[in-house]
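Each remark here refers to the structure printed beneath this line.
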Amino acid sequence: MRALITGITGQDGSYLAEQLAADGWSVFGLIRGQHNPKRAWVQSLVPSLVLIEGDLLDQSSIQRALVAAEPDVVFNLGALTFVGMSWDQPTLMTEVTGLGALRVLEAIRAVSPRIRFVQASSSEQFGAARETPQCETTPFWPRSPYGVAKLFAHHVTVNYRESYGIHASAAIMFNHESPRRGEEFVTRKITTAVARIAAGAQESLVLGNLAAKRDWGWAPDYMRCLPLIAGQDEPDDFVLATGEAHSVAELCEFAFGIAGLDWRDHVVSDTSLFRPADVPELLGDARKARAVLGWEPTLRFDDIVREMVRAA
Ligand code: NAP
């Protein structure tokens with residue numbers, strides 16, 4: 001089997017490439033930029049990985065990548081992923097994260113409609129969620145330009161499945177973390193700060209809304225599921241989640257506790273960092289993925305935080 005992964009230099013792309021290569025797949029990755037600083041890093045993780053230059057903003061480069069890689073499956077993980085920046089650069093966010101998926105699907109239609117497609121959809125599409133927990137039938141109500149762009153990409157995935165018969169599926173993934181998570185994300189901010197504060201290199205940590213609750217999973221678990229989705233006889237959408245939600249404050253308490261610190265001595269909540277429209281709680285119901293794909297997350301909140309503090 002041959003895979004083309006967009007977002008190859010990201011947290012998820014790197015784990016998925018490792019897993020697929022270990023399972024005997026030929027893995028190709030779409031990499032952007034003339035001198036992408038993560039090129040050597042991802043190549044060292046997966047020596048057999050073939051990198052193809054291209055950009056989700058550039059239709060012809062995606063098309064050329066499909067011709068070169070001849071993939072059985074495209075995993076579309078490439079996106080701008082930070083919700084916070086999506087208010088500052090909403091047009092770019094929409095171009096990359098929303099229209100990027102459309103460009104990949106158009107390229108598949110042009111090159112070979114038999115290529116399967118898996119879109120990395122997001123729990124942020126549920127936003128001001130209409131019900132708790134959220135499953136595949138929960139209505140979407142995104143609350144950020146990121147969520148709106150993701151929702152466009154999700155709907156266009158479903159639409160190309162229904163319109164053109166493309167085997168296009170979506171994994172609607174709740175937050176998933178690892179030591180490879182970008183440093184701007186709250187789990188990395190907290191776990192890195194714990195290590196630095198414990199070492200005397202930092203005194204305090206300024207965060208936004210401490211009451212926000214999220215369903216945090218382990219990134220390699222979620223990547224293990226994507227080939228299962230691609231391998232289904234029929235394309236479909238699946239929520240991937242742990243079914244446990246914890247607040248940012250709980251995350252702080254647990255992470256600082258690992259280092260024997262009291263989080264209240266170090267963490268400050270700054271209202272200027274609150275988002276223009278917040279999402280108070282996201283909690284996923286992954287019963288469909290469990291029943292149809294036999295997928296189960298292996299690591300839970302405590303294990304994930306411990307692992308990230310240890311690696312920081
Ligand atoms: P990430 O670490 O931020 O990686 C994003 C990737 O997208 C990077 O490889 C980045 O490449 C690439 N990219 C950005 N702009 C691009 C462009 N114009 N053309 C081509 N590639 C571009 O994100 P992640 O956590 O691995 O997430 C992977 C996917 O899952 C994303 O689509 C995200 O929205 C979705 N998702 C993630 C979560 C989560 O909790 N992690 C939850 C739900 C859904 P550069 O190295 O060039 O910047």
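What you see is a predicted model; the values in this text were computed from it and never measured. Note that ligands are numbered from 1 as they come in the structure, with each ligand's atoms numbered from 1 the same way.
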Problem set entry | Heavy-atom gap Y146 to ligand 1 smaller than 4.0 Å | yes

Problem set entry | Derivation and outcome, ring pair (Phe, Tyr, Trp, His ring centres under 6.0 Å), residues H154 and F140 | CA-CA 11 Å; H154 179 84; F140 296 116; 5.2 Å; yes

Problem set entry | Salt bridge present between R306 and D303 (N-O < 4.0 angstrom) | yes

Exercise. Under 6.0 Å from the six-membered ring centre of F82 and within 45° of its axis: does the NZ or CZ of R275 meet both?
Worked result: yes

Problem set entry | R32 side chain to D55 backbone, donor-acceptor under 3.5 Å | no

Exercise. N/O of K150 under 3.5 Å from N/O of ligand 1, yes or no?
Worked result: yes

Problem set entry | Side chain, backbone, both or neither: the part of S123 lying under 4.0 Å from ligand 1 by heavy atom | neither

Problem set entry | Atoms of ligand 1 close to G78 [distance to a heavy atom under 4.0 angstrom, numbered from 1] | 7 (O)

Exercise. So, is K38 polar-close to ligand 1, with some N/O to N/O distance under 3.5 Å?
Worked result: no

Exercise. Would R130 count as a cation-pi partner of W141, with NZ or CZ less than 6.0 Å from the six-membered ring centre and within 45° of the ring normal?
Worked result: yes

Exercise. Of all residues at least two apart in sequence or in a different chain, which pass the side-chain contact (heavy atoms from CB on, under 4.5 Å) check with A193?
Worked result: I197, Q202, L205

Exercise. If we only count heavy atoms from C-beta on, is the F174 to R214 side-chain gap below 4.5 Å?
Worked result: no

Exercise. Side chains of K288 and V292: does their closest heavy-atom pair fall under 4.5 Å?
Worked result: yes

Seminar exercise, completed: Quick look: N36 vs ligand 1, heavy-atom contacts under 4.0 Å, and the answer is side chain

Exercise. With Y222, which of F238, Y15, F75, W295 fulfils ring-ring contact (aromatic ring centres under 6.0 Å, His included)?
Worked result: W295

Seminar exercise, completed: min-distance protein heavy atom vs atom 27 (O) of ligand 1 -> D12 OD2, 3.5 Å

Seminar exercise, completed: of all protein heavy atoms, closest to atom 19 (N) of ligand 1 is L56 N, 2.9 Å

Exercise. To the nearest 0.1 Å, how far is atom 6 (C) of ligand 1 from its closest protein heavy atom, and which atom is that?
Worked result: G7 CA, 3.5 Å

Exercise. Can you list the atoms of ligand 1 that are under 4.0 Å from a heavy atom of A120?
Worked result: 29 (C), 30 (O), 32 (O), 35 (C)

Problem set entry | Sub-3.5 Å N/O-N/O distance, L30 and ligand 1 | no

Problem set entry | Atoms of ligand 1 close to V96 [distance to a heavy atom under 4.0 angstrom, numbered from 1] | 15 (N), 16 (C), 17 (C), 18 (N)

For this session: Say whether, by atom type as modelled, one donor and one acceptor occur between the side chain of K150 and the main chain of A120 under 3.5 angstrom.
Result: yes

Problem set entry | Shortest protein heavy-atom distance from atom 47 (O) of ligand 1, along with the residue and atom involved | R32 NE, 2.6 Å

Seminar exercise, completed: In this structure, atom 4 (O) of ligand 1 is nearest to the protein heavy atom G10 CA, 3.3 Å

Exercise. With a 4.5 Å heavy-atom cut-off, do W216 and L251 have their side chains touching?
Worked result: yes

For this session: Could you tell me whether some N/O pair between L77 and ligand 1 is separated by less than 3.5 angstrom?
Result: yes

Seminar exercise, completed: atom 3 (O) of ligand 1 has as its nearest protein heavy atom T81 OG1, 2.6 Å

For this session: Evaluate salt bridge (charged side-chain N to carboxylate O under 4.0 Å, His left out) for E106 paired with R103, printing each intermediate quantity in order.
Result: CA-CA 5 Å; E106 269 298 295; R103 291 189 188 100; over 6 Å; no

Seminar exercise, completed: The protein heavy atom nearest to atom 18 (N) of ligand 1 is D55 OD1, 2.7 Å

Exercise. Is the closest side-chain heavy-atom distance between W218 and P297 below 4.5 Å?
Worked result: no

For this session: Check R180 against ligand 1 and report side chain, backbone, both or neither, counting heavy atoms closer than 4.0 Å.
Result: neither

Problem set entry | Proximal atoms of ligand 1 relative to R181 (non-hydrogen, under 4.0 Å) | 25 (O), 39 (C), 40 (O), 41 (N)

Exercise. What atoms of ligand 1 come within less than 4.0 Å of a heavy atom belonging to N175?
Worked result: 40 (O)

Exercise. Should one rank I5, L240, T9 by closest heavy-atom distance to atom 10 (C) of ligand 1, which comes out on top?
Worked result: T9

For this session: Answer yes or no for S121: is there a heavy-atom contact with ligand 1 below 4.0 Å?
Result: yes

Exercise. Which protein heavy atom lies closest to atom 43 (C) of ligand 1, and at what distance to 0.1 Å?
Worked result: M173 O, 3.1 Å

Exercise. Is there a side-chain contact between N76 and L105 (heavy atoms, below 4.5 Å)?
Worked result: no

